[in-house]
There are 4 protein chains.
Amino acid sequence: MGVKERKALEKQIRRNQILDAARSLLFSSGIDSISISKIANQAELGVGTIYFYYKNKEEIFIALQKEGVELLYSMILQIVKKDINHEEKLSRIAFCYYRFSEEQKNYFDIINYFLSSPTIYFEPDLKNKIDMSGHKILRIIRDIVADGVQQNVLNEQDPQKFSIMFWGTLHGLLQFKKLEKTVLENESHEKLFNYSVQKLISSIK
Amino acid sequence: MGVKERKALEKQIRRNQILDAARSLLFSSGIDSISISKIANQAELGVGTIYFYYKNKEEIFIALQKEGVELLYSMILQIVKKDINHEEKLSRIAFCYYRFSEEQKNYFDIINYFLSSPTIYFEPDLKNKIDMSGHKILRIIRDIVADGVQQNVLNEQDPQKFSIMFWGTLHGLLQFKKLEKTVLENESHEKLFNYSVQKLISSIK
Amino acid sequence: MGVKERKALEKQIRRNQILDAARSLLFSSGIDSISISKIANQAELGVGTIYFYYKNKEEIFIALQKEGVELLYSMILQIVKKDINHEEKLSRIAFCYYRFSEEQKNYFDIINYFLSSPTIYFEPDLKNKIDMSGHKILRIIRDIVADGVQQNVLNEQDPQKFSIMFWGTLHGLLQFKKLEKTVLENESHEKLFNYSVQKLISSIK
Amino acid sequence: MGVKERKALEKQIRRNQILDAARSLLFSSGIDSISISKIANQAELGVGTIYFYYKNKEEIFIALQKEGVELLYSMILQIVKKDINHEEKLSRIAFCYYRFSEEQKNYFDIINYFLSSPTIYFEPDLKNKIDMSGHKILRIIRDIVADGVQQNVLNEQDPQKFSIMFWGTLHGLLQFKKLEKTVLENESHEKLFNYSVQKLISSIK
DNA sequence: CATGAATGAGCATTCATTCAT
DNA sequence: TATGAATGAATGCTCATTCAT
């Protein structure tokens, strides 16, 4: 291993060390309580050091978000591998996201943070990092649908658009969770989610 | 007009004056830059005075959000009154929300802010205030669908659930706007929205 | 009853109404959370009205303190009336103060507040108001001692000085309560108090 | 001197610089007027810098208090070293405290502040810091008494309790200073103090 | 590479008091 | 008498970022 490679490796190790600290804070106290100095403290590094490895706080958040998306992606991957029909796959993917929003609330929050904050605009290169991750999930859905269409068990002219609509619907509904007791008039949020998923799937049968 | 009434009126005027200031800040610099002292400054009032009229910052935000929802509501109401068929109504309502998210971006942001922030939690009575507004929109959609079903031009067993799914889909998709260039692989966001709305409406034909 | 008298009576009633509110706040949330506007709110009066009946916040505190001292005084009076010997009386008075510091902690705190705050200096006429109350307690002790001396069961040349020392000792020791676990090395605070009272009484036998 | 040592030294210097500022404010305007921003101003540092060296305002007060106690301790230590008898030592210690309360009024106030405020509650580790200081004074008194007992010139079964009572009496009486003109009926506060000290000492002869 | 000291604007909120009506 | 609107200084504290060493 050359010097360059070792350096690069060490750099990656440090980056992970910092991310570990940030994640630990995210999970112990939520997104709002993450500050650079707390991360530095947790990582047993100097504040300045953090800035050597990450341009700013946002970049750390991005990395964390990516982690979350990857986790979700891996969960979804488990489903795809299963020997079940297309509809079942879509249905399970949907509920996988539902579970994710509950069981991995902190990751869900951070994903949400970037999606809904009006002020945060990604710089092009950061953008790409997220692409790789978020993308893959949509592609899975699209591929399932496309495959179903090809096998004549599903009927949809534009699997790409459908996958985005599918995901958008899930995402939108998950945000309504906190309205359960008020605007939703005590509709069970889970049943609502279930209803919507069935509706979506039915629409491409 | 009695003294009491005049006082009450003046109080309302002041409350509006403060809201004007907050709204003006919201529109000029976005939600993240609103602080009480800036509001006070803008309204040409003392900081303490703000607290005389609003319990805290949240209450101001709530009022602002309510304004936004009411505005959206009134826009939707225009559509409902029109002499067009059920499908057309739903379609136009959807695009009304789309337009709202663009033309009234600041109001859309503030609604979003409350919906997606993991930390903000409404006190019960504040919650109710929003209920009244957000509720009404869902009810409109539900009523259109229910009416369509009754007239045998639409087919849906649970108009209530559908209305929430309908809105959730729109809301979720609008959040994807900023992913247009990346995750969405240059799908036109508007076309995507259009596609989804058609899909939704088709599903209850 | 003349107009003047009725006016004076009404004024007194209002003053009490305000004091009731202040006391209620004192007891529900402690001395630090008393503010004029809270008092006004509690008393269902305007803020300005409070200032009509009391010069300032301090004057209200003074009145509250007076109440506390009077309560303590009345408790002590019960003891004096009893048919017990001089020593027993002194001992019981001491424990009466001990109990008072625990059971009427809020009153004790407010008395303490005025006694230990370095900044608060009473204006002459306010001073007098407190005199009347605090005084009486010292006089009781002095009289017991003086009486004991006269009856040849106690031996003390200066009952006046002794009564002040007596009270000062009690007061000083009560302040040490919060040091129980640290500086006092786990000496039981109560036993310590007991020891001191016995020592004081022994010294004038 | 290594880098680490120099850094540590510099850190200590800064901490002192901040403490100097706080003490200067304490002496010029009293304890109630000390605020972090005033300290920062006086020390010619940014507000944030203060928080870099001290966790919070309380920690600064604690440091100040510790200073005061240490000063008092050193004054008392002078007395102990003298070649005078046990009674004389106790008597002089008492007057040392009296003098301290007058000549070092600000330090006395700060000690008092922590002892009598109902709301301030020390965090355990801060508590310990004070322990070390306050403790030592009580131990001196206890040792003098214990020594006197052993040499058969004093008579007291529990020197530990006595030392606390001794100190409590002094402390309580010092708080009565401001009552000199009213409740104390023009008893000279100093004579009163003198009387009490003699009484205390007599009680263990 | 790594550090950590320094910054100072910024935050939400409280408060005793005044005064025109 | 009684009101309550208005004040604005003051509070303790946080934070992302910089930069000299």
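All values reported here derive from a predicted model rather than from experimental measurement. Just the heavy atoms: all of them, side chains too, but no hydrogens, waters or symmetry mates, feed the values below. Every chain is numbered from 1, with letters handed out A, B, ... down the list of sequences.
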- [ ] Kindly compute the distance separating CD1 (C/I111) from CG (C/L64), expressed to the nearest 0.5 Å.
- [x] 10.0 Å

TODO: Indicate, with a heavy-atom threshold strictly under 4.0 Å, whether A/I39 touches base, sugar-phosphate, or nothing.
DONE: nothing

Open item on the list: Please report the distance, rounded to the nearest Å, between NZ in D/K38 and P in F/dC13.
Closed with: 16 Å

Open item on the list: Measuring from the side chain of D/Y51 (C-beta onward, heavy atoms only), which nucleotide among E/dA12, F/dG12, F/dC15 has the closest atom?
Closed with: F/dG12

TODO: In whole angstrom, give the distance that lies between atom CD of D/E10 and atom C1' of F/dT21.
DONE: 11 Å

Open item on the list: For C/G48 and B/K57, find the nucleotide of DNA chain E closest to each by heavy atoms; which residue's nucleotide sits nearer the 5' end?
Closed with: B/K57

TODO: Grab the CG-C1' distance between B/N41 and E/dG10 for me, whole Å please.
DONE: 14 Å

TODO: Would you mind reading off the distance between B/E59 atom CD and E/dA12 atom P, rounded to a whole angstrom?
DONE: 15 Å

TODO: Calculate, to the nearest 0.5 Å, the distance between atoms CD1 and CD1 belonging to B/I31 and B/I110 respectively.
DONE: 4.5 Å

- [ ] Pick base, sugar-phosphate or nothing for A/K7, based on heavy-atom distances below 4.0 Å to the nucleic acid.
- [x] sugar-phosphate

TODO: Between E/dA2, F/dT11, E/dA12, spot the one nearest the side chain of A/Y53, thanks.
DONE: E/dA2

- [ ] Please report, rounded to the nearest Å, how far the C1' atom of F/dA16 is from the CD1 atom of A/I60.
- [x] 11 Å

- [ ] Please state how far atom OH in D/Y54 lies from atom P in F/dG12, giving the value in whole angstrom units.
- [x] 16 Å

TODO: Look through every strand shown and name the nucleotide pairing with E/dT7 as Watson-Crick or G-U wobble, where both distances are under 3.5 Å.
DONE: F/dA16

Task: Distance, nearest 0.5 Å, that separates CD of B/Q17 from CD1 of B/I39 - done: 12.5 Å

- [ ] Could you tell me whether the phosphate oxygens of E/dC15, OP1 or OP2, come under 4.0 Å of any side-chain nitrogen or oxygen in C/S37?
- [x] no

TODO: Kindly point out which of F/dT11, E/dA2, F/dT1 is positioned nearest to the side chain of A/T49?
DONE: E/dA2

Open item on the list: Can you work out whether A/S35 or C/G46 has the more 5'-proximal nearest nucleotide on DNA chain F?
Closed with: C/G46

Open item on the list: By nearest heavy atom, map C/L45 and D/I36 onto DNA chain F; which one lands nearer the 5' end?
Closed with: C/L45

TODO: Using a heavy-atom cut-off of under 4.0 Å over every strand shown, decide if D/I34 touches base, sugar-phosphate, or nothing.
DONE: sugar-phosphate

- [ ] Tell which nucleotide pairs with E/dT21, taking only Watson-Crick or G-U wobble pairs whose two distances are both under 3.5 angstrom.
- [x] F/dA2

Open item on the list: Applying a 4.0 Å non-hydrogen cut-off, can you work out what C/F52 is touching in the nucleic acid: base, sugar-phosphate, or nothing?
Closed with: sugar-phosphate

TODO: Would you indicate which nucleotide in E/dC11, F/dT14, E/dT18 comes nearest to any side-chain atom of D/V47?
DONE: F/dT14

- [ ] Would you please confirm or rule out a distance under 4.0 Å between OP1 or OP2 of E/dA2 and any side-chain N or O of A/R14?
- [x] yes

- [ ] Could you tell me the separation between the CZ atom of C/R14 and the OH atom of C/Y54, rounded to the nearest 0.5 Å?
- [x] 12.0 Å

Open item on the list: Over all strands shown, is C/I50 touching base, sugar-phosphate only, or nothing at heavy-atom distances under 4.0 angstrom?
Closed with: nothing

